[in-house]
Amino acid sequence: MAACRSIARQWPRYLRRSVPVTILPMLGQRAVQPPQPTLRRGYASVSAAELKFGQPLHETHPHLLGPGELTPGITALEYAQRRSRLANKLPKHSVAVLAAAEVTYRASGIFHEYRQDSNFFYLTGFNEPNALAIIVNDGSGDNHLFHLYVREKDVKAELWDGARSGTQAAQDVFNADESGDIERISHILPQILSDATEIYTDIPAFNPGRSSLHRYLYGPTGASEKLKRAVDISKVKPLKPILNEMRAFKSEEEVVQMRRVGQASGRAFTDAMRQTFTGEKDLASFLEYNFKINGCDGNAFVPVVAGGSNALSLHYTRNDDILNDGDMVLVDGGGEMGTYVADISRTFPVNGKFSDPQRDLYNAVLNVHRTCVSLCRESSKLSLDRLHTIAENGLQDLLKQLGFDVSGNALRTLFPHHLGHYVGLDVHDCPGYSRGYDLKAGQCITIEPGIYVPDDVRWPAKFRGIGIRIEDSVCVGDDNPIVLTMEAVKEVDDIEALRD
């Protein structure tokens, strides 16, 4: 029965109700022509494709999502499995409570592009603000309860701000067992929390006044008092460590999605290396445009496009300087697709040809990069911290051969950042998850050695002012790594051949 329930949850509930025969031809069931899918229970006899939701669905945006996918590359089944795994990690009759990200504003009435909270998105696939998710370990061992409280449909509000999915879709599309209007959450939540043995959450709103969610949680005076009585602070525990442990290991579907965004991003980088740019801003704009036409939603983060000595600043993002003939340009960027991201760094000559010093220093970084990528396998029994030490030792040996004084704390100046970090839904994924753990198959990381030579008499004159970083997103394998961003060329001969 549990297996049947899991198979059913591969599809949003409204499709499970209306087209049951054609759901899973891949399981060997006969495929028949389905009736036009309709949404029941409040949606009347309206085609799914005619309805408006707060985010794309396969029925409304088949060019973006495949059958069964709730978000690009990720099925409704996978979201249900994630919630089930989380529930099974919690003590019996305890709850996890997560809030959607808030809308932020750059000026009065002028909002920033919305980006969902990664933990909330990981468990729900729901991509709207003003929502609360509750996952309950109901004590059954094989199941869990999923509550999703969202903004109700509102014709007037949707005229200005676009479609909302609403409470009915919270159940029929996002598979919530219970849903309701977020405006009423202060009346609903006290009972749920008072029955819980423990409450796992990272919501600052449980400390009144620290979040706009406070308006919902601590609304009317009577409801506010009920909620305060229901939340026994001694029951509240952090949720992030549990989700970090889950998110650090990517499913096959996640790896495939990250490979897609890595491929699209890598191709944009290679296309950029073919061009001649006179300004950092031009290169940055070219990259973002090509991320999008290759299928990405946009930039994963504000890119670094640092010409010449600007590359000595690790997070240089002004991107407003001139690119000079004879200099190198360091580019650190990546696209985002379905909230999964790529992280790539490449350093290449503005004019397409390496000078001898540039080539020598670049190859030193590239050799260390290759070595560390090759060790991204579970059988190596290495952590990111230990790989960092390997990178430091390798760079130290190669720099010494190039005439650098690498005594004392030289590497802290020349290689001031860590070799890598976890990557996934966030560029720096699973914040707080230790880089001291041995890497395991299914984890996705970056490998990004670099050398940054200040204009200082301690260093060989011909290398001063050069900054080089080479970075790929990599999935750790059992015996072999999977480079997710391999379409971005990085060999000297390949980079130079792009301009021939």
Side-chain angles (χ1 to χ4, degrees), residues 259-296 298-300 303-311 316 319 321-335 337 341-374 446-452 463 465-474 481-500:
R259 178 71 184 97
R260 288 192 187 108
V261 68
Q263 184 180 61
S265 302
R267 288 175 176 171
F269 265 76
T270 295
D271 286 342
M273 285 185 257
R274 288 192 175 96
Q275 315 300 318
T276 300
F277 297 97
T278 58
E280 293 170 346
K281 184 179 293 185
D282 301 330
L283 203 168
S285 299
F286 181 90
L287 268 181
E288 181 175 12
Y289 172 74
N290 278 273
F291 290 157
K292 289 183 176 180
I293 66 172
N294 286 339
C296 296
N299 284 318
V304 173
V305 181
S309 61
N310 291 333
Y316 171 87
N319 304 338
D321 212 341
I322 298 298
L323 293 174
N324 295 308
D325 189 10
D327 281 346
M328 305 255 280
V329 57
L330 188 160
V331 182
D332 185 350
M337 184 187 297
V341 304
D343 193 1
I344 305 172
S345 294
R346 292 292 185 265
T347 311
F348 51 94
V350 171
N351 63 16
K353 298 295 180 184
F354 289 84
S355 68
D356 289 342
Q358 290 169 351
R359 180 182 291 105
D360 290 342
L361 197 59
Y362 183 91
N363 279 328
V365 177
L366 181 61
N367 285 336
V368 170
H369 176 84
R370 286 197 206 102
T371 297
C372 292
V373 168
S374 71
T446 65
I447 296 294
E448 49 182 304
I451 291 294
Y452 314 87
F463 297 120
I466 297 177
I468 295 171
R469 181 161 66 251
I470 305 172
E471 174 186 20
D472 279 301
S473 299
V474 181
I482 302 170
V483 180
L484 301 168
T485 50
M486 61 188 300
E487 280 74 13
V489 302
K490 58 191 172 189
E491 299 293 332
V492 168
D493 290 345
D494 292 336
I495 292 172
E496 292 187 334
L498 292 172
R499 304 280 186 95
D500 291 343

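What you see is a predicted model; the values in this text were computed from it and never measured. Residue indices begin at 1 and follow the sequence shown.
Contact check for Val341 versus Val261: no side-chain heavy atoms found under the 4.5 Å cut-off. At least one side-chain heavy atom of Asn319 sits under 4.5 Å from a side-chain heavy atom of Pro303. Side-chain atoms of Arg346 and Ile470, non-hydrogen and from C-beta on, do get closer than 4.5 Å to each other.
Within the structure, every pair that satisfies the salt bridge (Lys or Arg N to Asp or Glu O under 4.0 Å) test and touches residues 278-288, not counting sequence neighbours, is listed here: Glu288-Lys292. Pairs passing the salt bridge (Lys or Arg N to Asp or Glu O under 4.0 Å) check and including a residue from residues 482-495, sequence neighbours excluded, read Arg259-Glu487, Arg370-Glu491, Asp472-Lys490.
To the nearest 0.5 Å, atom CG of residue Asn367 and atom OH of residue Tyr362 are 10.5 Å apart. Between the SG atom in Cys296 and the CD atom in Gln263 there is a gap of 10.0 Å [rounded to 0.5 Å]. To the nearest 0.5 Å, atoms CG (Leu361) and CG (Asp356) are separated by 12.5 Å. We find the CG-CG distance between Asp327 and Asp321 to be 9.5 Å, quoted to the nearest 0.5 Å. From Asp343, atom CG reaches atom CG of Asp332 across 5.0 Å, with rounding to the nearest 0.5 Å. Summarising the geometry, atom OH belonging to Tyr289 is positioned 10.0 Å from atom CG belonging to Asn294; distances are rounded to the nearest 0.5 Å.
Residues that satisfy the ring-ring contact (aromatic ring centres under 6.0 Å, His included) test with Tyr316, not counting sequence neighbours, are absent from this structure. With sequence neighbours excluded, the residues forming a side-chain hydrogen bond (donor to acceptor under 3.5 Å, both in side chains) with Arg499 are Thr276, listed by chain and number. Under the side-chain hydrogen bond (donor to acceptor under 3.5 Å, both in side chains) criterion, Glu471 pairs with Ser345, not counting sequence neighbours. Residues passing the side-chain hydrogen bond (donor to acceptor under 3.5 Å, both in side chains) test with Thr347, sequence neighbours excluded: none.
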* To do: Decide yes or no on side chain to side chain contact (heavy atoms under 4.5 Å, CB included) for His369 and Ile447, but give the supporting numbers first.
  => CA-CA 7 Å; His369 176 84; Ile447 296 294; 3.9 Å; yes
TODO: In sequence, state the C-alpha distance, the side-chain angles, and the governing distance for Val492 and Ile495, and then conclude on side chain to side chain contact (heavy atoms under 4.5 Å, CB included).
DONE: CA-CA 5 Å; Val492 168; Ile495 292 172; 5.9 Å; no
Requested in this report: Evaluate the side chain to side chain contact (heavy atoms under 4.5 Å, CB included) criterion for residues Tyr452 and Leu330: first the C-alpha distance (whole Å), next the side-chain angles of each, then the deciding distance (0.1 Å), finally the verdict.
Outcome: CA-CA 11 Å; Tyr452 314 87; Leu330 188 160; 4.2 Å; yes
ask   = Passes side chain to side chain contact (heavy atoms under 4.5 Å, CB included), Asp360 versus Phe354? Steps please.
value = CA-CA 9 Å; Asp360 290 342; Phe354 289 84; over 6 Å; no
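Of all heavy-atom pairs spanning Val474 and Pro481, the tightest one is CG1-CB, 3.8 Å. The two residues Ala284 and Val305 make their nearest non-hydrogen contact at CB-CG2, 3.8 Å. Across Pro449 and Val368, no two heavy atoms sit closer than the pair CB-CG1, 4.1 Å. Closest approach of Ala488 to Phe269, counting heavy atoms only: CB-CB, 3.9 Å. The two residues Gln358 and Pro349 have their closest heavy-atom pair at OE1-CB, 4.5 Å. The shortest non-hydrogen separation linking Thr485 to Ala342 is CG2-CB, 4.2 Å.
Although no hydrogens or angles enter the test, the distance criterion places no donor-acceptor pair under 3.5 Å between the side chain of Ser309 and the main chain of Gly465. Not one N or O on the side chain of Asn290 forms a donor-acceptor pair closer than 3.5 Å with the backbone of Ala268. In this structure a side-chain-to-backbone donor-acceptor pair under 3.5 Å is present from Ser265 to Gly335. Ser374 contributes a side-chain N or O that, together with a main-chain N or O of Thr371, makes up a donor-acceptor pair within less than 3.5 Å.
For the pair Lys353 and Asp325, the salt-bridge criterion is not met [side-chain N within less than 4.0 Å of a carboxylate O].
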